[in-house]
**Q** 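Before we start, here is the structure in question, set down as structure tokens.
Protein chains get the first letters and strands the later ones, always in sequence-line order, with residue 1 at the start of each.
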Number of protein chains: 2
Amino acid sequence: MKKKSKVNIKDVAARAKVHPSSVSRVLNPKTRGMVSEEVAARVMRIAEEMGYSRSPLASGLRTGKSYTVGVVVPDLVNPLFPPIVRGIERVLSDHNYIAILADSDNNRLHEDAILKSMKVRAVDGLILATAHRKDKIVDQCIEEGIPLVLVNRTVDGRDVDSVTTDDAKGIQWAAEHLLELGHRNIAYLGGPTDTSTGNDRYQAFLRMMKASEIKSSRALVHNAKAFNEQAGYDGMMHLLEKGEAFSAVVVANDLLALGCLDALQERGLECPGDISITGFNDMPFMDRLQPALTTLRIPHTQIGREAARLLMAQINEPGRARVALKLDPELIVRGSTAAAGK
Amino acid sequence: MKKKSKVNIKDVAARAKVHPSSVSRVLNPKTRGMVSEEVAARVMRIAEEMGYSRSPLASGLRTGKSYTVGVVVPDLVNPLFPPIVRGIERVLSDHNYIAILADSDNNRLHEDAILKSMKVRAVDGLILATAHRKDKIVDQCIEEGIPLVLVNRTVDGRDVDSVTTDDAKGIQWAAEHLLELGHRNIAYLGGPTDTSTGNDRYQAFLRMMKASEIKSSRALVHNAKAFNEQAGYDGMMHLLEKGEAFSAVVVANDLLALGCLDALQERGLECPGDISITGFNDMPFMDRLQPALTTLRIPHTQIGREAARLLMAQINEPGRARVALKLDPELIVRGSTAAAGK
DNA sequence: GTGAAAGCGCTAACAC
DNA sequence: GTGTTAGCGCTTTCAC
């Protein structure tokens, strides 16, 4: 127990026989140039020797920065988010930033409270995975000039950094895969259209209906109220009750797809024998289902990494233009899709 | 855009016509008694009206507290941890604390770096899910007096707060379940014994071998090198190669169990027809496998909540005795276990 | 019970 | 290029 982290900038200054402000200048890359090479070298060596490390609290209080980034996810238990968070965290730690994590539980009130708490703690930026297409929280951050990056979902018509999967491509590839297997009567089960993921996937499917040989009618296009298993079950039941024949369903999310499988089983229908199903996300263990799920793998970790990079860039280059990054998913073909039977 | 969070303690003091220090006293529950009721009421009202909220950075700089807790997990992508983190986060936010999350990627070097970063940021306490039975990081925290709570795993012979599953009970219940199904030749596939989870489950199985009608030999007890699918596959192959007959395996972890299932399939053995399998953790979708996995459900969220509560208690009541909380798992019987056949 | 003054550790504006 | 000075927002002695 020799060197408690008690050593501060004054101690270093005293040992190096310079003023604390010189130490400060040396230790900040942006001001190091103001100081003679000789002093810089000495101070760095001594700081190292003494095991000095700057107090982010104190420096933050002075500069208004906290070297802290808020990360808000709607539901950490959804396997979609942990790898994203992990990617974010990796890149942040490379920049000596840390992530404050909050889970909004898909609840706007929680989101408000979280945002307040983040602001009070002077986070230097925010990464939100909770955005809706119209989103007050996002608007508020933009107005107040808080650096912001959206992940997974984005908002409508706002100039904001975002990193998402190319949802349209994903849906297109799923539909094309089914077409290649000979399916023509293809239904669509989507998610909430107040999220960009729900809406973009929905619009993509509608475009496919116009542009391809898909024969099914709008009656077989249905958007569920949530991205979960219950909504998937309900949605599939809804489609089955239309009475219009279909041999495949493009489903906008794996959890929805799981619900679909439950519904099929309950109705005594086989997948893929009677109906082929595609999902979206490639959650863990989807390869171990019976049948294994054909789905779109999204580059979770990369989404997180890119988001953190964009945020760092935004913080360090104030005038920087916003970018909406769309990363390609990958179609993973498994047992839940098969050639159109009859 | 009227009230940016710019309003500080001075502003409130001015409007309330008192000195900033009085405002400080009012706003801190522990010093509120020093102030007249009248002033207290007025200050609180005005602070509320002005939308004042204390800057944790500034107050932290003064008091040495940061209202921040570090949470370190070995792998956020392992479905075990997100619900724990979520439980932690919930309770912390009730106490106006926030969680700084870090993922050590099962890597000691990362852990060191993370610990350093946490200390520099003056976290008021740490919740670690990464502990090994002998753990330098844990020792270090204890020596330096950093409030600490271990989750999921604990350490050997140190007086430290911890919240774990009652691993021994879990293994006992799994074994008893198999015994009731008529199995007598029961193998055990465990995990790394340098973790308390690996060791406690292993010891529990050894006790069961002595105390029950289990007939198999020590040759059928094997500990894998890691808690993952590959290790499970290797471990099962190892057991099968012993040449000693068994009709069931108690497996110490779901991921290991998945690997076991792969090995069985490769060898043309059926589960549960030829060999019954039990897991541990009840990860998401384990009910959807073929066969669905009989396993022990862990009270993840509760583990997280209790850990956060213990940490808050430790921070607020310095002399408090340490407690090692063990929560019961729940045996979930599914298709991977069946009556002993032959 | 309340105000005054000092200072947590650091940085930025200003001198020299 | 370096030292001086002031102060970020808050809490905590210490007076009165």
**Q** Mark yes or no for whether A:Arg153, through its side chain, and A:Thr197, through its backbone, hold a donor-acceptor pair below 3.5 Å.
**A** no

**Q** Any idea which of D:dG9, C:dT11, C:dG9 is nearest the A:Ser59 side chain?
**A** C:dT11

**Q** Considering heavy-atom distances to DNA chain C, does B:Ala58 or B:His19 have its closest nucleotide positioned more toward the 5' end?
**A** B:His19

**Q** Would you indicate, yes or no, if C:dC10 has its OP1 or OP2 atom less than 4.0 angstrom from a side-chain nitrogen or oxygen of A:Tyr52?
**A** yes

**Q** From the set D:dT2, C:dT11, C:dT2, return the single nucleotide nearest to any side-chain atom of A:Thr63.
**A** C:dT11

**Q** Which one, D:dC10, C:dT2, C:dC10, comes nearest to the side chain of B:Val39?
**A** C:dT2

**Q** For B:Leu57 and B:Asn28, take the nucleotide of DNA chain D holding the closest heavy atom to each; which residue's nucleotide lies nearer the 5' end?
**A** B:Leu57

**Q** May I ask you to say what B:Ser21 touches in the nucleic acid, namely base, sugar-phosphate or nothing, with a heavy-atom cut-off under 4.0 Å?
**A** base

**Q** Taking the side chain of B:Met34 as its heavy atoms from C-beta onward, which of D:dC10, C:dT2, D:dG9 lies nearest to it?
**A** C:dT2

**Q** Under the criterion side-chain contact (heavy atoms from CB on, under 4.5 Å), which of A:Val43, A:Ile46, A:Val12 is the partner of A:Tyr52?
**A** A:Val12

**Q** Using a cut-off of strictly less than 4.0 Å, decide whether A:Ser55 has a side-chain nitrogen or oxygen near OP1 or OP2 of C:dC8.
**A** no

**Q** B:Ser104 side chain to B:Glu111 main-chain N or O, any donor-acceptor pair under 3.5 Å?
**A** no

**Q** Would you say C:dA12 has OP1 or OP2 under 4.0 Å from some side-chain N or O of A:Ser24?
**A** no

**Q** Below 3.5 Å, does any donor atom in the side chain of B:Arg25 face an acceptor in the base of C:dG3, or the other way round?
**A** yes

**Q** Does C:dG9 have OP1 or OP2 sitting under 4.0 Å from an N or O in the side chain of B:Arg62?
**A** no

**Q** For B:Ser24, is there any backbone N or O sitting under 3.5 Å from a side-chain donor or acceptor partner on B:Asn28?
**A** no

**Q** Looking at B:Ser22, does any N or O in its side chain come under 4.0 Å of the phosphate oxygens OP1/OP2 on C:dG3?
**A** yes

